[in-house]
Each structure stands twice: as structure tokens, then as C-alpha cells.
There are 2 protein chains.
Amino acid sequence: MERKIPQATAKRLPLYYRFLNNLQHQGKSRVSSKELSLAVKVDSATIRRDFSYFGALGKKGYGYNVEYLLGFFRKTLNQDELTNVAIIGVGNLGTAFLHYNFLKNNNTKIVMAFDADPKKVGQDVEGVPIYPIDNLEEKLKDVRVAILTIPASEAQGVTERLVKAGIEGILNFTPARISVPNYVRVHHIDLAIELQSLVYFMNHYPLPDKEEI
Amino acid sequence: MERKIPQATAKRLPLYYRFLNNLQHQGKSRVSSKELSLAVKVDSATIRRDFSYFGALGKKGYGYNVEYLLGFFRKTLNQDELTNVAIIGVGNLGTAFLHYNFLKNNNTKIVMAFDADPKKVGQDVEGVPIYPIDNLEEKLKDVRVAILTIPASEAQGVTERLVKAGIEGILNFTPARISVPNYVRVHHIDLAIELQSLVYFMNHYPLPDKEEI
DNA sequence: ATCCTTTTGTGAAAAGAATCACGACTTCTA
DNA sequence: TAGAAGTCGTGATTCTTTTCACAAAAGGAT
Ligand SMILES: NC(=O)c1ccc[n+]([C@@H]2O[C@H](COP(=O)([O-])OP(=O)(O)OC[C@H]3O[C@@H](n4cnc5c(N)ncnc54)[C@H](O)[C@@H]3O)[C@@H](O)[C@H]2O)c1
Ligand SMILES: NC(=O)c1ccc[n+]([C@@H]2O[C@H](COP(=O)([O-])OP(=O)(O)OC[C@H]3O[C@@H](n4cnc5c(N)ncnc54)[C@H](O)[C@@H]3O)[C@@H](O)[C@H]2O)c1
């Protein structure tokens with residue numbers, strides 16, 4: 001595994017990939033770092049640098065070939081392999097995710113969900129079955145990633161069961177900072193904090209005055 | 001406005017604030033950077049550095065006084081002023097947010113929502129009225145922040161209307177990278193990319209082998 | 001009182017990321 | 001074919017963030 005790609009770069013790859021996909025659907029066959037920059041709002045030098053970690057993907061004076069680049073990223077991002085995902089907690093957020101089709105230009109698929117509430121268990125949403133949380137260990141096969149959308153108070157306990165059941169990655173939407181062994185990867189998405197920090201930035205980092213539109 | 005606080009620090013402030021609140025509810029009156037570190041999973045030196053941008057808030061050999069620190073952050077984060085928020089697009093995600101009470105230890109309140117669908121308009125969810133998007137400019141008063149949960153294709157157009165209507169901050173959940181004038185602040189939360197990048201990290205940055213639990 | 005322990009606050013170093021700026025190469029035009 | 005225009009890839013620079021490591025202060029124990 002190539003160990004040298006900076007994390008900041010890695011986080012932008014899916015963004016590039018998505019935009020390249022759009023370009024291809026529009027029938028465009030070439031693109032420059034400048035155009036890309038405009039669309040994804042990342043400095044063009046940063047884009048060139050990002051790409052350069054993977055070698056020389058472009059051509060001077062021309063730009064990048066969309067199809068080639070796309071093919072390259074498809075491999076790099078494992079777009080040909082489907083990663084199965086489970087939703088833990090079918091409440092407000094969990095249900096929203098179930099209704100949303102993450103599959104659109106994406107390599108992940110929600111294949112099952114779990115809940116503690118007997119009223120929710122047994123149903124299926126968009127073809128995805130909802131199992132009782134008690135059956136977690138038994139049902140979780142071929143699933144590497146879990147999306148955690150349960151109350152914060154349950155987060156740590158359920159996480160430990162997920163880890164025992166073999167989960168390797170968790171997208172955690174609860175405000176709890178969960179502890180996991182070091183072979184499991186957790187990404188936190190803390191919506192309340194995002195909102196709060198947006199407000200903080202608005203109040204404390206005033207941007208230039210209104211003038212243009 | 002104190003212009004020197006690093007952005008990385010600013011993003012962690014709400015996290016600290018929330019945890020300090022918990023501590024206070026538990027009746028704890030003192031806390032060290034080490035304890036905090038354990039709970040919020042941020043290196044203790046980073047925490048001390050973060051706090052130090054605001055002056056000397058702690059006492060050597062003792063730690064920090066919870067109540068004092070909390071009071072300090074309350075002011076810094078404007079927790080006494082309520083920021084009104086509007087939801088744009090009452091679909092899967094928008095509805096989930098409406099049902100969720102962002103107010104719990106938070107200074108933001110969703111006060112209205114908008115949708116283009118006549119079937120949704122006129123209802124209210126948890127006491128929050130849903131207005132037709134056509135009335136955006138007329139209804140949006142005393143609202144500085146919008147949460148954007150509409151289809152990506154609508155994002156840029158609606159954003160321009162939001163800006164004209166005086167919105168200063170947007171939490172954008174659509175995959176579209178919207179353009180705004182430089183006096184408006186946008187934070188992107190791109191759930192599909194978060195998921196994709198989690199999978200990328202799992203595949204390319206293998207963590208140490210299983211051994212402990 | 002004295003000594004030991006704890007813990008802060010911060011210079012200094014290291015690590016990580018973004019940006020500048022330009023040589024080299026390619027394409028395009030005529 | 002020659003010259004102009006466009007664009008990449010990357011060394012060097014700058015900026016940002018994290019981490020180390022320790023003197024200084026305070027608390028606690030005896
Ligand atoms: N909805 C939002 O807008 C929002 C915003 C910010 C943060 N969050 C966080 O996301 C999480 C989920 O929020 P929500 O609004 O969807 O909550 P919710 O209460 O609507 O849903 C939680 C679901 O988890 C289930 N559950 C409870 N304990 C469980 C367990 N041990 N095992 C399995 N399932 C269990 C419940 O039955 C329920 O269906 C919470 O931690 C919340 O703090 C939500
Ligand atoms: N639901 C998810 O889990 C999820 C995950 C990732 C990204 N997203 C993104 O979040 C956004 C919302 O997703 P969703 O699942 O809630 O979609 P949705 O289709 O359920 O809801 C969109 C809502 O916006 C309304 N709308 C459409 N055009 C509008 C306009 N011009 N003005 C006002 N309202 C309008 C629709 O009537 C609908 O109620 C989308 O951009 C989607 O890509 C959603």
C-alpha cells in the first residue's frame with residue numbers, strides 16, 4: 001500500500017472522482033487543473049500536487065484526460081469493489097440514510113440495519129432489512145463498515161459489540177467520542193458542532209465587507 | 001474581534017464546551033488537560049495550547065476550574081445569544097434535523113423551514129412552520145444561518161436567493177460546491193464523501209495489527 | 001516546613017499542508 | 001515551421017498545526 005499520500009490529499013480524492021464522473025457524463029474528454037479548481041473550489045496548485053503523488057497523470061500544455069484520470073481514480077478508490085455498510089439505529093438520521101441512495105457514483109451499499117426498538121425491527125426500508133440489535137453478531141457478515149446513529153449514551157457499548165463482530169470502520173454521528181482498538185478506524189461527524197462552529201466563524205472571523213455579488 | 005485564534009483551535013471549541021458542560025452536570029469542579037484529552041481524544045498539549053490562546057485559564061499543579069472555564073467559553077462561543085436557523089428543503093435529511101433538538105447545550109434554533117413541494121408546505125414539524133420557497137425573501141427575517149438540504153441541482157440557484165435575502169452562513173449538505181460572495185461563510189458536509197474517504201483510509205492506511213482489545 | 005507530585009504555559013522543533021513561481025513540454029495557429 | 005499560448009510537475013517557500021519537553025508554580029502529604 002502506498003503509504004505516502006497526505007491525509008489532506010486522500011480526503012479530496014472522492015471529491016475529484018465525483019467531479020470527473022460528472023465531466024464524463026457531460027461528454028468532456030479533457031480538463032485542466034484550473035477548470036477543476038473552479039468546480040471543486042480547491043487551489044489549482046493543490047490539485048496538481050495532489051495528482052502528482054500518483055505520478056505524472058497529465059500532459060503539459062494539455063491538461064488531464066478525463067477518461068484516463070477517472071480510470072485511475074476508480075482503481076485507487078476501489079470503485080469496482082462494493083463495500084457493505086450497516087446502519088446502527090434507525091431513527092431520524094438512520095432512516096434518512098436508508099432512504100438515500102449512497103450508491104450513486106459510490107462504492108458503498110447499505111445492506112442491513114439494526115435497532116433496539118421492537119416496533120422498528122422486522123420492517124424493511126427500501127429493501128434493507130432491519131434486524132434486532134441483539135442479533136448483531138450473528139447477522140453482521142461481510143460488513144466492514146457501520147454508520148452509528150443511536151443515542152450517544154448507547155454509543156460506547158454498541159461500538160464494542162461492533163468491534164467484536166469484526167467491523168473495521170465506523171462513521172460516528174453521535175456526539176460521543178468513542179474508544180476503539182487501534183485497528184479500527186473511526187470518523188466523527190458531529191452535526192451540532194459543525195453548526196456551532198459555523199456560527200463561531202461567522203462571529204469571529206468577519207469576512208471582507210459586502211461589495212460584489 | 002481577536003483575529004489570532006487558529007482555525008483548527010476554533011473548530012475544537014464547541015467540543016470542549018460540550019464536554020465541560022457534561023462535567024459540570026456530573027458535579028465535577030476541576031479537570032486537567034490530561035483528563036480532557038482522554039475524553040475528547042485530542043492530545044493534551046494541543047488542549048493546553050488551544051486554551052492558552054485565550055490567556056492563562058488554568059492553574060499549575062491543579063488544572064482548570066470547570067465552572068470558570070465553562071463561563072469563559074460560554075461568552076466566547078456566544079452561548080447566551082440564540083442564533084436563528086432555517087432549513088431549506090424538508091426531505092429526508094431536512095426532516096431529520098427538524099425532529100432533532102439542536103438546542104440541547106447549543107445556541108442555535110431552527111425557526112423555520114422552506115420547501116418547493118406544495119404537499120409539504122403549510123404543515124409544521126415540531127412547531128417549526130414550513131413555508132413555500134417562493135416566500136423565502138419575505139419570511140427570512142432575523143435568520144442568519146441556513147441549512148441546505150435540497151437536491152444538488154437546486155443548490156446554486158437557491159443559494160443566490162439566500163444570499164440576497166441576507167443569510168450570512170450556510171451549512172451545505174448537498175454535494176454541490178456552491179459559490180457565494182466572500183462575505184458569506186459556507187461549511188460543507190458531504191456525507192457520501194465522508195463514507196468514501198473512510199473506506200479509502202481503511203484500505204490504504206492499515207492501522208497496527210489486532211492485538212489488544 | 002519541606003519535599004514530592006502534579007500540571008500548566010510556552011519556547012522550540014517537527015510535521016503537515018498550501019501556495020508560489022517557473023522550467024519544460026505540448027498544443028494550437030497561421 | 002515558427003512562434004505564441006497553455007498547462008503540467010515540482011523545487012522552494014511560506015503558512016499552519018501538532019508535538020516535545022521543561023521551568024515554574026501550585027497542591028498535597030507528612
Ligand atoms: N437527527 C439529527 O438531526 C441529529 C443531529 C445531530 C446529532 N445527532 C445524533 O445522531 C444520533 C441519532 O439521532 P437521531 O435523531 O436519529 O435519534 P433517534 O432517537 O431518532 O434514533 C435513535 C435510534 O436508535 C435506536 N436505538 C436506541 N438504542 C439502541 C441500541 N442500543 N441499539 C440499536 N439501536 C438503538 C432507537 O430505537 C432509535 O430508533 C444521536 O446520537 C444524535 O445525538 C442527530
Ligand atoms: N439523505 C441522505 O442520507 C443524504 C446523504 C448524502 C447527501 N445528501 C444530500 O442532501 C440533500 C438532501 O437529501 P435528501 O435525501 O433530504 O433529499 P430529498 O429529495 O428527500 O429532499 C429534498 C427536499 O428538497 C425539496 N426541494 C426541491 N427543490 C427545492 C427548491 N428549489 N427549494 C426548496 N426545496 C426544494 C424537495 O421538495 C424535498 O422535500 C441532497 O443534495 C442529497 O444529495 C443526502
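Since this is a predicted model, take the numbers as computed values, not measurements. Chain letters run A, B, ... following the sequence lines, proteins first, then strands; residues in each count from 1.
Phosphate contact (OP1/OP2 of D/dT7, side-chain N/O of A/S33, threshold under 4.0 Å): absent. Contact annotation: B/Y53 side-chain N/O to D/dT16 OP1/OP2 distance is not under 4.0 Å.
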| request: Could you give me the CA-CA distance, side-chain angles and deciding distance for B/F73 and B/F19, then say whether ring pair (Phe, Tyr, Trp, His ring centres under 6.0 Å) is met? | output: CA-CA 11 Å; B/F73 279 125; B/F19 186 68; over 10 Å; no

| task | Give the C-alpha distance, both sets of side-chain angles, the deciding distance and a yes or no for side chain to side chain contact (heavy atoms under 4.5 Å, CB included) between B/L171 and B/I189. | result | CA-CA 7 Å; B/L171 201 56; B/I189 302 186; 4.0 Å; yes

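Between B/D50 and B/R12 a salt bridge is recorded (basic side-chain N to carboxylate O distance below 4.0 Å). Taking the charged nitrogens against the carboxylate oxygens, B/E194 and A/K11 have no contact shorter than 4.0 Å, which rules out a salt bridge. Between A/E137 and A/R161, at least one side-chain nitrogen of the basic residue sits less than 4.0 Å from a carboxylate oxygen of the acidic one, meeting the salt-bridge criterion.
Closest approach of A/Y62 to A/R30, counting heavy atoms only: O-NH2, 3.0 Å.
Of all nucleotides in DNA chain C having an atom under 4.0 Å from a heavy atom of chain A, the first and last in 5' to 3' order are C/dA17 to C/dC28.
Among the protein residues, A/Y64 comes within range of the sugar-phosphate backbone only, with heavy atoms under 4.0 Å from sugar or phosphate atoms but none that close to a base.
Atom NZ of A/K34 and atom C1' of D/dG9 are 17 Å apart (whole Å).
Listed by chain and residue number, B/L148, B/V163, B/I170, B/I178, B/V180 satisfy the side chain to side chain contact (heavy atoms under 4.5 Å, CB included) test with B/T159 (two or more places apart in sequence, or in another chain).
Just one of B/Y64, B/Y53, B/F54 meets the ring pair (Phe, Tyr, Trp, His ring centres under 6.0 Å) condition when paired with B/F72; it is B/F54.
Where A/A8 and B/S52 each meet DNA chain C at their nearest nucleotide, the meeting point lying more 5' is that of B/S52.
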| task | Would you mind building the protein contact string for nucleotides 20-30 of chain D? One character per nucleotide, 5' to 3', B for base within reach (heavy atoms under 4.0 Å), S for sugar-phosphate only, - for untouched. | result | -B--BBBSS--

